[in-house]
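Below is one structure, written out as structure tokens, with a few remarks after it.
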Amino acid sequence: MTPLAAWKQAQKEGRSVLRPQPQRPWWPYVWSVRTRLKIAYDGTVPVGSQRCRLTVAPSTPVIRCQHPDGRLIVLLHLPKRETKPIRLLGAGLFATRRHDIP
């Protein structure tokens, strides 16, 4: 079946509406580029051209999630369905001061 024929069939069957985003705490991290990092000995991680201090022990492995819209979030563990992600740092594209970071 061609994509156009599949689309027309879906419209006939009432399946042409996009599904809503699941309301799960791990869902925003599914569509991100995840990189494993270790906290440096001075307690920092690289965020763009800067280094940000975290309140985690040095050499602790963390996950840096780069979102398509430019947001960067550092998690303590990989996102899993059954657990809520522990967010250590969130940096927005236009955040200028520490208290602006979501």
Side-chain angles (χ1 to χ4, degrees):
M1 180 179 294
T2 66
L4 182 59
W7 173 249
K8 287 180 181 180
Q9 182 180 352
Q11 283 181 321
K12 275 186 199 175
E13 296 172 2
R15 296 183 293 116
S16 61
V17 181
L18 294 176
R19 287 187 226 157
Q21 171 179 321
Q23 296 301 315
R24 303 280 185 211
W26 51 265
W27 185 255
Y29 307 105
V30 171
W31 305 110
S32 65
V33 177
R34 295 182 293 264
T35 310
R36 291 180 184 266
L37 298 175
K38 279 195 176 184
I39 304 290
Y41 288 107
D42 60 351
T44 61
V45 292
V47 177
S49 62
Q50 301 175 2
R51 296 193 67 83
C52 290
R53 187 170 302 280
L54 298 176
T55 58
V56 180
S59 71
T60 301
V62 294
I63 307 298
R64 182 176 61 188
C65 298
Q66 177 73 42
H67 293 272
D69 63 359
R71 288 179 299 133
L72 186 92
I73 296 171
V74 178
L75 301 173
L76 188 56
H77 304 290
L78 279 172
K80 296 179 185 174
R81 281 186 166 224
E82 54 281 340
T83 60
K84 187 172 183 177
I86 300 172
R87 199 168 149 171
L88 300 174
L89 176 75
L93 186 59
F94 301 107
T96 56
R97 295 182 300 275
R98 182 84 178 148
H99 65 274
D100 289 340
I101 297 173

Per-pair distances, 0.1 Å, donor-acceptor, side chain in residues 41-49, under 3.5 Å, sequence neighbours excluded:
| from | atom 1 | to | atom 2 | distance (Å) |
| --- | --- | --- | --- | --- |
| Asp42 | OD1 | Thr44 | N | 3.4 |
| Asp42 | OD1 | Thr44 | OG1 | 2.7 |
| Asp42 | OD2 | Thr44 | OG1 | 3.3 |
| Thr44 | OG1 | Arg51 | NE | 2.9 |
| Thr44 | OG1 | Arg51 | NH2 | 3.3 |

Just list the side-chain donor-acceptor pairs under 3.5 Å for residues 23-39, sequence neighbours left out, or say none.
| from | atom 1 | to | atom 2 | distance (Å) |
| --- | --- | --- | --- | --- |
| Gln23 | NE2 | Gln21 | O | 3.4 |
| Trp26 | NE1 | Arg81 | O | 3.4 |
| Ser32 | OG | Tyr29 | O | 2.8 |
| Arg34 | NH1 | Tyr29 | O | 2.8 |

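- In this structure, Thr60 OG1 and Leu76 CG are separated by 7.5 Å, a value rounded to the nearest 0.5 Å.
- The shortest non-hydrogen separation linking His77 to Ile86 is CD2-CD1, 4.3 Å.
- The distance from the CD1 atom of Ile73 to the CZ atom of Arg64 is 12.5 Å, given to the nearest 0.5 Å.
- For the atom pair CD1 (Ile63) and CZ (Arg87), the distance works out to 15.0 Å, reported to the nearest 0.5 Å.
- Atom SG of Cys65 is separated from atom CG of Leu75 by 4.0 Å, given to the nearest 0.5 angstrom.
- Scored by the side-chain hydrogen bond (donor to acceptor under 3.5 Å, both in side chains) test, Glu13 finds Gln9, Arg15 as partners (sequence neighbours excluded).
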